[in-house]
Student: 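Right, I'll just put the structure down here and ask away after.
Numbering of ligands and ligand atoms starts at 1, following listing order. Values below: every heavy atom of this structure, side chains too, minus hydrogens, waters and symmetry copies.
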Amino acid sequence: MSRLAGKTAIVTGSTRGIGRGIAERFGREGANVVVSGTNAALCEEVAASIRKEGGSAIGIACNIADLDQINHLYDKTLETYGEINIVVNNAGIAIFKPFVEVEPETVRKIWDVNLFGTFFSGQRAAKEMIRQGKGGKIINMSSISEEVGTAHLTQYAMTKGGIKIMTKCMALELAEHGINVNAIGAGVIDTDISMEEFAKPGMREETVKRIPWGRMGAPEDLAGTAVFLAHEDSDYITGTTVYVDGGLLAM
Ligand SMILES: NC(=O)C1=CN([C@@H]2O[C@H](COP(=O)(O)OP(=O)(O)OC[C@H]3O[C@@H](n4cnc5c(N)ncnc54)[C@H](O)[C@@H]3O)[C@@H](O)[C@H]2O)C=CC1
Ligand SMILES: C[C@H](O)[C@@H]1OC(=O)[C@H](O)[C@@H]1O
């Protein structure tokens with residue numbers, strides 16, 4: 001369990017949910033892990049839990065919708081670990097609302113986090129990896145929503161469709177630098193992002209019935225895919241989305 005030994009990885013939005021699961025697994029795989037999110041105390045709490053398990057981790061607060069804070073995240077990472085080898089652009093939000101009721105500020109808020117954040121964190125990652133001249137791994141957190149529609153999630157799904165094409169374009173430009181850019185297309189994962197939705201009577205049961213695997217996913221179900229895409233075993237894979245969805249897209 002040291003597939004990422006000697007590597008430094010930033011995982012955005014890793015104070016809970018999928019990002020935390022990936023950060024903790026990266027720590028067990030020997031990486032220097034940068035835990036990031038909007039709450040500094042939570043970043044440090046998760047980093048401390050990784051260190052308690054024998055891993056190497058620090059917490060750096062960053063609102064991914066703010067370019068100055070993205071740059072501080074990268075500057076502080078380089079100051080601490082000297083280089084950046086892996087970036088998981090995981091931070092993201094979802095707001096459930098019928099299409100005809102969505103206000104401009106909702107759209108801007110989701111786009112700022114999911115699209116602007118992924119884009120400019122990815123851009124800074126690429127700049128540092130090109131400068132370092134040692135290649136690198138950029139993993140964008142997408143979704144089955146990049147492929148299939150979901151009612152009341154137009155404003156969210158369009159960000160994941162954007163991340164799909166962003167991943168392809170970044171991969172084309174960065175291949176010559178040995179930088180892999182791929183996405184993880186998560187299915188329905190049991191985290192806070194959908195907490196309100198699944199609190200509605202019968203919603204959780206109805207959702208699970210749709211999933212061929214018979215259960216919702218957990219953050220741990222994605223961590224192994226993140227390790228694979230962060231490891232040299234995936235060096236010849238770039239510009240694609242690996243779906244981790246319990247068979248949802250197979251239907
Ligand atoms: N849970 C699911 O069913 C699925 C989730 N995803 C994606 O996975 C990613 C993680 O989501 P979950 O772990 O499920 O949700 P979550 O709500 O548990 O975690 C989201 C993380 O992003 C962070 N975050 C939110 N806004 C931020 C900002 N402005 N700056 C920095 N960090 C911010 C939160 O602090 C949290 O750590 C998101 O990109 C989401 O779109 C994709 C497909 C399915
Ligand atoms: C927010 C959704 O419930 C969640 O996020 C996604 O991308 C998938 O569509 C899941 O349903």
Student: If you count heavy atoms of other groups shown closer than 6.0 angstrom to CD of E196, is the number above 12?
Tutor: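 No, not enclosed.
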
Student: Under 4.0 Å from a heavy atom of A94: give me the atoms of ligand 2 that qualify, with their elements.
Tutor: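 Close to A94: 1 (C).
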
Student: Distance to 0.1 Å, residue and atom name: give those for the protein heavy atom nearest to atom 7 (O) of ligand 2.
Tutor: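 Answer for atom 7 (O) of ligand 2: S143 OG, 2.5 Å.
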
Student: Please check if atom CD in E173 has more than 12 non-hydrogen atoms from other residues, nucleotides or ligands closer than 6.0 Å.
Tutor: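 Count not over threshold, so no.
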
Student: Students should be able to answer this: which protein heavy-atom is nearest to atom 25 (C) of ligand 1, and at what distance?
Tutor: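 Result for atom 25 (C) of ligand 1: I93 CG2, 3.7 Å.
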
Student: For atom 4 (C) of ligand 2, grab the closest protein heavy atom and report residue, atom and distance to one decimal in Å.
Tutor: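 Here the closest protein heavy atom is S194 OG, 3.8 Å.
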
Student: Do me a favour and list the nearest non-hydrogen protein atom to atom 21 (C) of ligand 1 with residue, atom name and distance?
Tutor: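 Heavy-atom neighbour on the protein nearest atom 21 (C) of ligand 1: G13 O, 3.4 Å.
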
Student: Return the closest protein heavy atom for atom 27 (C) of ligand 1 as residue, atom name and distance.
Tutor: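 Atom 27 (C) of ligand 1 sits closest to the protein heavy atom T38 CG2, 3.9 Å.
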
Student: Would you name the heavy atoms of A126 and I179 that are closest together and state the gap between them?
Tutor: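 Scanning both residues completely, I find the closest heavy atoms to be O-CD1, 4.1 Å.
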
Student: Out of all atoms in ligand 1, which are within 4.0 Å of some heavy atom of V188? Include the element for each.
Tutor: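 Counting from 1, the qualifying ligand atoms are 3 (O).
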
Student: Provide the number and element of each atom of ligand 1 under 4.0 Å from a heavy atom of D192.
Tutor: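 Answer for ligand 1: 18 (O).
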
Student: Which ligand 1 atoms does I18 reach within 4.0 Å, using its non-hydrogen atoms?
Tutor: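 The list of qualifying atoms is 5 (C), 8 (O), 13 (O), 14 (O).
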
Student: Measuring from the heavy atoms of K160, does anything fall under 4.0 Å of ligand 1?
Tutor: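 Yes, K160 has a heavy atom closer than 4.0 Å to ligand 1.
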
Student: Would you mind listing which atoms of ligand 1 come within a distance below 4.0 Å of any non-hydrogen atom of A186?
Tutor: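 In order of numbering, the contacting atoms are 42 (C), 43 (C), 44 (C).
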
Student: To which protein heavy atom is atom 11 (O) of ligand 2 closest, and what is the distance rounded to 0.1 Å?
Tutor: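 Nearest neighbour among protein heavy atoms for atom 11 (O) of ligand 2, to 0.1 Å: V188 CG2, 3.8 Å.
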
Student: Quick one: which ligand 2 atoms are inside 4.0 Å of a heavy atom on F96?
Tutor: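 It comes down to these atoms of ligand 2: 1 (C), 2 (C), 3 (O).
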
Student: Give me the residue, atom name and distance of the protein heavy atom closest to atom 7 (C) of ligand 1.
Tutor: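 So the nearest neighbour among protein heavy atoms is M141 CG, 3.7 Å.
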
Student: In terms of residue, atom name and distance, what is the protein heavy atom nearest to atom 5 (O) of ligand 2?
Tutor: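 In this structure, atom 5 (O) of ligand 2 has Y156 OH, 3.3 Å as its nearest protein heavy atom.
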
Student: Starting from atom 8 (C) of ligand 2, which protein heavy atom do you reach first, and at what distance in Å?
Tutor: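 For atom 8 (C) of ligand 2, the nearest protein heavy atom comes out as G187 O, 3.5 Å.
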
Student: Supply the atom-to-atom distance I163 CD1 to T118 OG1, rounded to the nearest 0.5 angstrom.
Tutor: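 Taking CD1 in I163 and OG1 in T118, the distance rounds to 4.0 Å.
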
Student: For ligand 1, does C62 get within less than 4.0 Å through its side chain, its backbone, both, or neither, judged by non-hydrogen atoms?
Tutor: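 Only the backbone of C62 comes within reach of ligand 1.
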
Student: I need the atoms of ligand 1 closer than 4.0 Å to a non-hydrogen atom of G17, numbered in the order shown.
Tutor: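 Within the 4.0 Å cut-off of G17, ligand 1 contributes 13 (O), 18 (O).
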
Student: Are more than 12 heavy atoms, taken from residues, nucleotides or ligands other than R131, located less than 6.0 Å from that residue's CZ atom?
Tutor: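 Atom CZ in R131 is crowded, with more than 12 foreign heavy atoms closer than 6.0 Å.
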
Student: Using distance alone, determine whether Y156 and ligand 1 share an N or O pair under 3.5 Å.
Tutor: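 Yes - when backbone and side-chain N and O of Y156 are compared with those of ligand 1, one distance drops under 3.5 Å.
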
Student: Can any side-chain N or O of K164 pair as donor or acceptor with the backbone N or O of T241 at less than 3.5 Å?
Tutor: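 Side chain of K164 to backbone of T241, a donor-acceptor pair under 3.5 Å: no, none is there.
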
Student: Side chain of D245, backbone of L249: donor and acceptor closer than 3.5 Å?
Tutor: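 Judged by distance alone, yes, a pair lies under 3.5 Å.
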
Student: Starting from atom 9 (O) of ligand 2, find the nearest protein heavy-atom neighbour and note its residue, name and distance.
Tutor: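 Checked against all protein heavy atoms, atom 9 (O) of ligand 2 sits closest to S145 OG, 2.9 Å.
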
Student: Judged by atom type as modelled, is there a donor-acceptor pair below 3.5 Å linking the side chain of E128 to the main-chain atoms of I84?
Tutor: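 Checking the backbone N and O of I84 against the side chain of E128, no donor-acceptor pair under 3.5 Å is found.
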
Student: Nearest to atom 16 (P) of ligand 1, what protein heavy atom do you find, and at what distance?
Tutor: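 Result for atom 16 (P) of ligand 1: R16 NE, 3.4 Å.
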
Student: So is N114 polar-close to ligand 1, meaning N/O to N/O under 3.5 Å?
Tutor: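 Among all N and O atoms of N114, none is under 3.5 Å from an N or O of ligand 1.
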
Student: Which bit of S142 gets closer than 4.0 Å to ligand 1, counting heavy atoms only: side chain, backbone, both or neither?
Tutor: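 Contact part for S142 vs ligand 1: backbone (N, CA, C, O).
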
Student: Starting from atom 44 (C) of ligand 1, find the nearest protein heavy-atom neighbour and note its residue, name and distance.
Tutor: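 Among all protein heavy atoms, the one nearest atom 44 (C) of ligand 1 is G187 O, 2.9 Å.
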
Student: Please report the shortest heavy-atom distance between F198 and M203, naming the atom on each side.
Tutor: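 Looking at all heavy atoms of both residues, the shortest contact is CD2-CG, 3.6 Å.
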
Student: Using a plain distance cutoff, I'd like to know if I189 has any nitrogen or oxygen under 3.5 Å from a nitrogen or oxygen of ligand 1.
Tutor: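 N/O-N/O distance under 3.5 Å: yes.
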
Student: Would you indicate whether K7, at its atom NZ, is surrounded by more than 12 heavy atoms from other residues, nucleotides or ligands within a distance under 6.0 Å?
Tutor: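 Check fails, neighbour count at 12 or below.
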
Student: Is there any N or O on S194 that sits under 3.5 Å from an N or O of ligand 1?
Tutor: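 No - when backbone and side-chain N and O of S194 are compared with those of ligand 1, no distance drops under 3.5 Å.
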
Student: Roughly how far apart are Q123 CD and I138 CD1, rounded to 0.5 Å?
Tutor: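 With rounding to 0.5 Å, CD (Q123) is 10.5 Å from CD1 (I138).
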
Student: At what distance is the nearest protein heavy atom to atom 30 (N) of ligand 1, and which residue and atom is it?
Tutor: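 Ranking protein heavy atoms by distance from atom 30 (N) of ligand 1, first comes I64 N, 2.9 Å.
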
Student: Would you mind listing which atoms of ligand 1 come within a distance below 4.0 Å of any non-hydrogen atom of N63?
Tutor: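 Ligand 1 atoms under the 4.0 Å threshold to N63: 28 (C), 29 (N), 30 (N).
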
Student: Only heavy atoms of T15, strictly under 4.0 Å: list the atoms of ligand 1 that pass.
Tutor: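 Matching atoms, with element in brackets: 35 (O), 37 (O).
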
Student: Could you establish whether S145 and ligand 1 come within less than 4.0 Å of each other, counting only heavy atoms on the residue side?
Tutor: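 Judged by the 4.0 Å heavy-atom criterion, S145 does not count as contacting ligand 1.
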
Student: What's the verdict on side chain to side chain contact (heavy atoms under 4.5 Å, CB included) for M195 and D192, showing C-alpha distance, side-chain angles and the deciding distance?
Tutor: CA-CA 5 Å; M195 185 164 50; D192 288 358; 4.1 Å; yes

Student: Distance to 0.1 Å, residue and atom name: give those for the protein heavy atom nearest to atom 32 (N) of ligand 1.
Tutor: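 I find the closest protein heavy atom is A91 CB, 3.6 Å.
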
